Amino acid sequence: MLTMDNAAPLMFAGLVVVMLIGFPVAFSLSALGLFFGLLAIESNLFPAAYLGNLPLRVFGILSNDLLLAIPFFTLMGAILERCGLAEDLLEGTGQLFGAKPGGLAYAVIIVGAILGAITGTVAASVIAMGVISLPIMIRYGYNMRLATGVIAASGTITQLIPPSLVLVVLADQLGRSVGDMYKGAIGPSLVQTLLFMAYIFAVTLIKPQWVPPLPPEARTQRGWVLWKKVLWGMVPSVVLIFMVLGTIFMGLATPTEAGAMGAVGAIVLAAINRRLTWPLVWQGMESTMKITAMVIFILIGSTVFSLVFQGVDGAKWIEHHLTSLPGGQIGFLVFVNVFVFFLAFFLDFFEIAFIIIPMLAPVADKLGIDLIWFGVLLCINMQTSFMHPPFGFALFYLRGIAPKEVKSNDIYLGSIPWVILMLVMVAIVIVWPGLVTMWLDKAQDIDLDKVNIQVESIDDSPAPRIEAPSALPGGQGGPGAGGAAGDGAAAPGEPASDGAAPGATPGSAPAEEDPGAMIERQMRQESSGSK
C-alpha cells in the first residue's frame, strides 16, 4: 500500500533504477511519473484533479520564451562548426605559439575558450580542434595522452563560458536571470582557462619531451602574414562575442534576442569565409532540431515526474534529509558535489539539470545559498560529465575523429588529469565565492530604521485670480473693470447670480475662483435644489 511515508522514497528508487537500465530518460521519467500518479490516486494521496495541472505545465514549457535561446545558440554553434572560423583560429595561434614548448597545447586552450564564447557547444569545439590539431601534435611528438586530454578538456570548458547552453538551462531551473548567470560564470571561466594553461606550463618544466616546440620548417608563416591570419580569425570572433554577450550585459537584448543575433552573425561569417552553402545550413538546422526536440522531451518527462513527486511530498522528504546533513552549508555542498559528480558517470548535463536541480534548489535557497553561485558551481562540476567514462561525450567525439593510431585507452586515461583540475576548480569556487559574486550587480541594502520621510508643508495662500479680458462684447470697459465694482460685487445695475464668479462683469470670461469658495457654492446649490 502506497502511503505518504513511502511514496517519495519509492519514486526516487524507481528513478535510479530506470536511469541505470539505460532506456531514454525522457520516456522513463514520463512513465514513472504517470505510474506513481495513478497509484497515488488509487491510494487517496491526492485527488485525480491534481494531475489536471500537467497540461498547464507542458504548455508553460512550450511557451517559455527563455528556452527559445537554446535553438538559436545551437544553430549558431552548428554553423560556426562548419564555417572555417575554428580552422583560421587554430592555424594562426598554432603558428604564433608553436616556437615555445607546449605552444600547440596553449593554442588549443586559447582557441577552445574563444570557441566556447561564440558557439556554446562542446561538439563544435572538440571536433574542430581534434580534426586540425591532433594530427599535428602526433606528427611532432606530443605525448598521446596529453594531446587527447587537452583537446577534450578545452572543448569541455565551453560549458562554463557564456553563452553556454548549460547556463541557460540552469537559469531556467533555478528561476534566475540568464544574464546574471552569465556574469557569474565570467570569473570561474577565466580562472579555469588559466588553470589549464598553468598545468601545461608545469608539464613543460617537468616533462618537456611531452610537449616539444614546432620545428622551424613547420612554422611556415612569420611577421605580418602570421598576424594577419591571427587577426582574420580573431576580429570576427570578438565582434560576434560582443553581439551575443555584450548586448546581454549592457541590457540591450534578452538572451533569446542575443541568440538570434548570434545565429545571424554565424551565417554572415560563413558567407565571409565563402562556405555558406545550402548543405551547411541544412545540417545546422537538422542538428538544431534534434537537440531542441531532445531538450523539450526531457523537460516534459521531468515535469511529469516532478509534479507527482511534489504531490506525494517528495520535496519535503528531500529537504528533510539534506538540511539534516552535518556541517550545514558546507556539508550540503560537499554531498551535492559528490552526488552530481557520480551521477555524471551515467547522465549528461541536460538530464542532471532537469531532474536533479529542481530537487536541490529549494534546499539551497532555504540554507541561504546564493542560487547564482550555486548554479555556476554545479556547472563547473557537470563539466566532468563530458570527460569521464563510460558516457563522456567529449571523449566520444574525439574517438570519432581521431586517427586510427590513437587508442581509446589513451583517450580515457588522458582525461584523468583534466577531470582533477575541474574538481580543483570546484574547490576554488567553494573557498572563494567572490569569484562568482564579484561580477554580479550588488543589491542596495536599505536600513528601514534609518528611513526618514519628509513631507513638504502645503501652501495656504489663496489661488491667484485671473482678470477678465478687456473689450469683450457686452463688457464694461478696459482692464480692471471687473475689480472696479469691488471683490464679490456685481456690475452696476446687475444682480450677482450664483453662476457668476465674484468680481466678473456680465458677458465677460469668469475669473478663476478660489477652490474653497467653489466647493461652498456647489454645496449651497445642492442644498437649495434638495429643498
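Heavy atoms only: backbone and side chains are in, while hydrogens, waters and symmetry mates are out. Being a predicted model, the structure only gives us computed values, none of them experimental.
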- Could you label the plane-to-plane angle of the Tyr50 and Phe46 rings as parallel, tilted or perpendicular, counting under 30° as parallel and over 60° as perpendicular? tilted
- Decide yes or no for Leu378 and Ile352: does some side-chain heavy atom of the first lie under 4.5 Å from some side-chain heavy atom of the second? no
- What pair of heavy atoms forms the shortest contact from Val178 to Pro255, and how long is it? CB-CG, 3.5 Å
- Item | From CA spacing to verdict: side chain to side chain contact (heavy atoms under 4.5 Å, CB included), Phe374, Asp365 | CA-CA 9 Å; Phe374 186 62; Asp365 195 30; over 6 Å; no
- Would you sort out whether Leu146 and Ile200 count as a side chain to side chain contact (heavy atoms under 4.5 Å, CB included), showing the intermediate values? CA-CA 9 Å; Leu146 186 136; Ile200 295 298; 4.2 Å; yes
- Message: Just by distance, no angles: are the side chains of Ser415 and Arg145 close enough, under 3.5 Å, to form a donor-acceptor pair?
- Response: no
- Task: Evaluate the side chain to side chain contact (heavy atoms under 4.5 Å, CB included) criterion for residues Asn143 and Val211: first the C-alpha distance (whole Å), next the side-chain angles of each, then the deciding distance (0.1 Å), finally the verdict.
- Result: CA-CA 7 Å; Asn143 178 271; Val211 284; over 6 Å; no
- Message: Donor-acceptor pair, distance only, cut-off 3.5 Å: does the side chain of Asn6 make one with the backbone of Thr3?
- Response: yes
- side-chain contact (heavy atoms from CB on, under 4.5 Å) partner of Pro188, chosen from Ile428, Leu195, Val426, Leu435: Leu435
- Any donor-acceptor pair under 3.5 Å from Thr256 side chain to Asp65 backbone: yes
- Donor-acceptor pair, Tyr412 side chain versus Met387 backbone, under 3.5 Å? no
- Message: Treating Thr158 as the side-chain partner and Gly155 as the backbone partner, does any N or O pair qualify as donor plus acceptor under 3.5 Å?
- Response: yes
- Query: Does any N or O in the side chain of Ser164 come within less than 3.5 Å of the main-chain N or O of Val166, such that one atom is a donor and the other an acceptor?
  - Reply: yes
- Task: Measure the spacing between CD1 of Ile318 and CZ of Phe12 and express it to the nearest 0.5 Å.
- Result: 5.5 Å
- For the side chain of Gln383 and the backbone of Met422, is there at least one donor-acceptor N/O pair under 3.5 Å apart? no
- Query: Is there a donor-acceptor contact under 3.5 Å from the side chain of Ser302 to the main chain of Leu299?
  - Reply: yes
- Which atoms form the tightest heavy-atom contact between Leu170 and Cys379, and what is the distance? CD1-CB, 3.8 Å
- Could you tell me whether a side-chain N or O of Asp313 sits under 3.5 Å from a main-chain N or O of Lys316, the two making a donor and an acceptor? no
- State the CG-CG distance between Leu423 and Asn337, to the nearest 0.5 angstrom. 9.0 Å
- Inspect the surroundings of CD in Glu286 and state if more than 12 heavy atoms from other residues, nucleotides or ligands are less than 6.0 Å away. yes
- Item | Atom pair CD1 (Ile248) and CZ (Phe242), whose distance is rounded to the nearest 0.5 Å | 11.5 Å
- Could you check Phe73 against Val244 for side chain to side chain contact (heavy atoms under 4.5 Å, CB included), going step by step and ending with a plain yes or no? CA-CA 9 Å; Phe73 285 131; Val244 176; 3.5 Å; yes
- Heavy-atom pair of closest approach, residues Phe309 and Ala8: CE1-O, 3.6 Å
- Task: Say whether, by atom type as modelled, one donor and one acceptor occur between the side chain of Ser63 and the main chain of Phe59 under 3.5 angstrom.
- Result: yes
- Item | Approximate separation, where rounding is to 0.5 Å, of Thr74 OG1 and Met294 CE | 8.5 Å
- So CD1 of Ile380 and CE of Met425: to nearest 0.5 Å the spacing works out to 5.0 Å
- Item | Any donor-acceptor pair under 3.5 Å from Thr292 side chain to Met289 backbone | no
- Message: When you compare the side chain of Val264 with that of Phe72, does any pair of heavy atoms fall below 4.5 Å?
- Response: no
- Task: Quick one: closest heavy-atom pair of Arg399 and Val406, and the distance?
- Result: NH1-O, 2.6 Å
- Task: Taking all heavy atoms of Ala113 and all of Thr193, pick out the closest pair and write down the distance.
- Result: CB-OG1, 4.1 Å
- Message: Tell me the closest heavy-atom pair linking Val18 and Leu32, and the distance in Å.
- Response: CG2-CD2, 4.4 Å
- Task: Can you label the angle between the Trp418 ring and the Tyr199 ring as parallel, tilted or perpendicular, going by 30° and 60°?
- Result: perpendicular
- Please tell me if the side chains of Val295 and Phe354 come closer than 4.5 Å, counting only heavy atoms from C-beta onward. yes
- Query: How long is the span from the CE atom in Met261 to the CD atom in Glu257, to the nearest 0.5 Å?
  - Reply: 7.0 Å
